[in-house]
Amino acid sequence: MSKKVGLIIPHDYKLLSIAAILEVFETTNKLHNENEKPFEIMTFQSAEQITQKQLFGYEVRSIQDSDVNLDLILIPAFTTDNMSEMIAKNKMFIPWLQKQHRSGAELASFCTGAFLFAASGLLNEKLATTHVDACSAFTKAFPLVKLKSEETLTADGSLYTSGGSTSTFHLLILLVQKYCGNEIAVQIAKIFSIDLNRYKQSYFSTFRPNHLHNDNLVAMLQQKIENQYSTIEKLEEITKDIPASTRNMTRRFKQVTGIPPIEYLQNIRVESSKKYLEQTQLSISEIIEKIGYTDPKAFRKVFYKMVGMKPIEYREKFRVQ
């Protein structure tokens, strides 16, 4: 019997995410005989959203009026960066997701779809991931979720999440494997040219400092770190003229940026080293010296922790020819 799969079409959905999800499930169905299709695909919107009978070739069902019990619900990525506003616009999906899960449905989110998923409370104390550049905001919004920012995907019981970009396909292939077996999953991976050996998304991370706040002292410390990162030996050197205690400053800094000052400094240095690795012929030792590290071992350890590979491996993968 076909599994009933519900794809929600929320406000601010990302078209590319919808397209990827449908393409993989439709292609999987095509690999089977007409009467043996593994997935019955349905699309869902809130009643007030529905303006046409069909979307993407499927009848649009209302979450308020449909009594279908689904086997799997898919939450796509969003186009907006304002996640609190997105959640408010899509709050009507939350009780429906909770109800479907109580009735036995598995749930999967893709990229920033994890924000709406987490807003349901279903991810509390569960493993999850999201787009690598949205992880800081996610942690701040949902501290009870066990975020695994470096992972391409997570599976925790009947709940699944993926990271950004092509991580969507990795989760889709996992779901195909679960419902259709290894042979079909490998065929899908080949059709979409997906590298099944890619496990981490931290390789593609870009540190984006948060400057959109009103804390002048934090902004002052951010500017000092960003301008002097290559010469800083101890953070105390640049905080001594800031009118706040070290403990208070650290607390405020983490509250505003999501990370403590020392980690902020490490991120700035690692981002600088990545640019040198991508764009110059400098040796690893020369780069380490340029970005302010005196201990090569410490740099390599921090780089591997943040990026998920060694500096030499990063250069080989991302070097601009």
Side-chain angles (χ1 to χ4, degrees), residues 81 111 129-140 147-152 163-167 170 195 197-213 218-240 242 246 249-250 253-321:
D81 290 329
C111 192
T129 191
T130 185
H131 191 288
V132 68
D133 290 332
C135 285
S136 179
F138 186 93
T139 300
K140 197 170 182 180
L147 185 71
K148 299 292 181 181
S149 59
E150 76 282 1
E151 297 299 332
T152 302
S165 188
T166 56
S167 300
H170 287 82
D195 177 9
N197 292 320
R198 182 191 152 200
Y199 294 109
K200 296 186 183 294
Q201 62 169 342
S202 54
Y203 309 157
F204 306 95
S205 170
T206 301
F207 178 59
R208 293 190 173 95
N210 173 26
H211 294 287
L212 300 176
H213 59 82
V218 171
M220 185 188 303
L221 183 51
Q222 284 180 282
Q223 186 175 29
K224 284 175 174 288
I225 293 174
E226 290 165 24
N227 292 340
Q228 303 174 40
Y229 71 88
S230 62
T231 58
I232 296 171
E233 293 185 10
K234 293 182 179 179
L235 279 173
E236 289 79 3
E237 298 171 5
I238 60 170
T239 58
K240 59 187 178 184
I242 295 178
T246 300
M249 196 64 231
T250 299
F253 194 94
K254 186 174 181 180
Q255 188 175 26
V256 170
T257 68
I259 55 176
I262 185 63
E263 193 173 332
Y264 196 92
L265 173 61
Q266 289 172 341
N267 271 282
I268 294 293
R269 284 175 166 170
V270 167
E271 282 303 308
S272 178
S273 72
K274 285 162 67 176
K275 289 184 175 65
Y276 282 122
L277 290 166
E278 293 166 11
Q279 302 170 11
T280 76
Q281 302 275 359
L282 293 174
S283 69
I284 305 296
S285 296
E286 290 172 318
I287 292 172
I288 291 172
E289 186 177 350
K290 271 190 169 295
I291 64 172
Y293 272 94
T294 55
D295 183 350
K297 187 176 180 181
F299 164 75
R300 293 174 196 276
K301 184 177 180 180
V302 169
F303 189 95
Y304 190 86
K305 179 183 177 182
M306 291 187 174
V307 184
M309 64 174 74
K310 298 175 182 177
I312 188 65
E313 294 171 332
Y314 184 89
R315 169 168 271 171
E316 290 171 358
K317 194 175 185 73
F318 296 105
R319 175 72 179 275
V320 178
Q321 301 297 326

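No experiment lies behind these values; they were computed from the predicted model shown.
- Residue His213 comes nearest to Gln222 through the heavy atom pair NE2-OE1, 2.7 Å, listed as atom of the first residue, atom of the second, then distance.
- For CG of Asn227, the number of neighbouring non-hydrogen atoms (other residues, nucleotides, ligands) closer than 6.0 Å is greater than 12.
- A donor-acceptor contact shorter than 3.5 Å is absent between the side chain of Thr130 and the backbone of Gly163.
- Under a 4.0 Å N-O distance rule, the pair Glu278/Lys275 does not qualify as a salt bridge.
- Contact of the Met220 side chain with the Met249 side chain is not registered, since no non-hydrogen atoms from C-beta on lie closer than 4.5 Å.
- Within the 4.5 Å cutoff, side-chain heavy atoms of Tyr304 are placed close to those of Lys310.
- The number of heavy atoms from other shown groups lying within 6.0 Å of NZ (Lys301) does not exceed 12.
- More than 12 heavy atoms of other residues, nucleotides or ligands shown are found within 6.0 angstrom of CD on Gln228.
- Of the inter-residue distances, the one linking Ile262 atom CD1 with Gln266 atom CD reads 5.0 Å to the nearest 0.5 angstrom.
- Here the closest heavy-atom approach between residue Glu233 and residue Glu237 is recorded as CB-OE2, 3.2 Å.
- Scanning all heavy atoms of the two residues, the minimum distance from Leu277 to Arg315 falls at O-NE, 3.2 Å.
- Here the side chains of Pro209 and Thr257 are not in contact, with every heavy-atom distance at 4.5 Å or above.
- Annotation: side chain of His211 is in contact with side chain of Glu226 (closest heavy-atom distance under 4.5 Å).
- Two residues are said to be in side-chain contact when any heavy atoms from C-beta on lie closer than 4.5 Å; Arg269 and Ile232 meet this criterion.
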Go through it in stages, so that I can follow the logic: the residues are Glu263 and Met306, the test is side chain to side chain contact (heavy atoms under 4.5 Å, CB included), and I'd like the CA-CA distance, side-chain angles, deciding distance and then a yes or no.
CA-CA 10 Å; Glu263 193 173 332; Met306 291 187 174; 4.3 Å; yes
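- In plain terms, the two heavy atoms of Thr250 and Pro260 that are nearest each other are CG2-CB, 4.4 Å.
- Within the 4.5 Å cutoff, the side chain of Ile259 has no heavy atoms near those of the Ser136 side chain.
- No side-chain heavy atom of Thr129 sits less than 4.5 Å from a side-chain heavy atom of Thr152.
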Name the atoms and distances for all side-chain donor-acceptor pairs under 3.5 Å in residues 284-292, with sequence neighbours left out.
unit_1, atom_1, unit_2, atom_2, d
Glu286, OE1, Ser283, N, 2.8
Glu286, OE1, Ser283, OG, 3.3

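- For the residue pair Tyr229 and Ser272, the shortest heavy atom distance occurs at OH-OG, 2.9 Å.
- Between the side chain of Thr139 and the main chain of Cys135, a donor-acceptor pair closer than 3.5 Å is present.
- Looking at Ser273 and Tyr293, their side chains never come closer than 4.5 Å, going by heavy atoms from C-beta outward.
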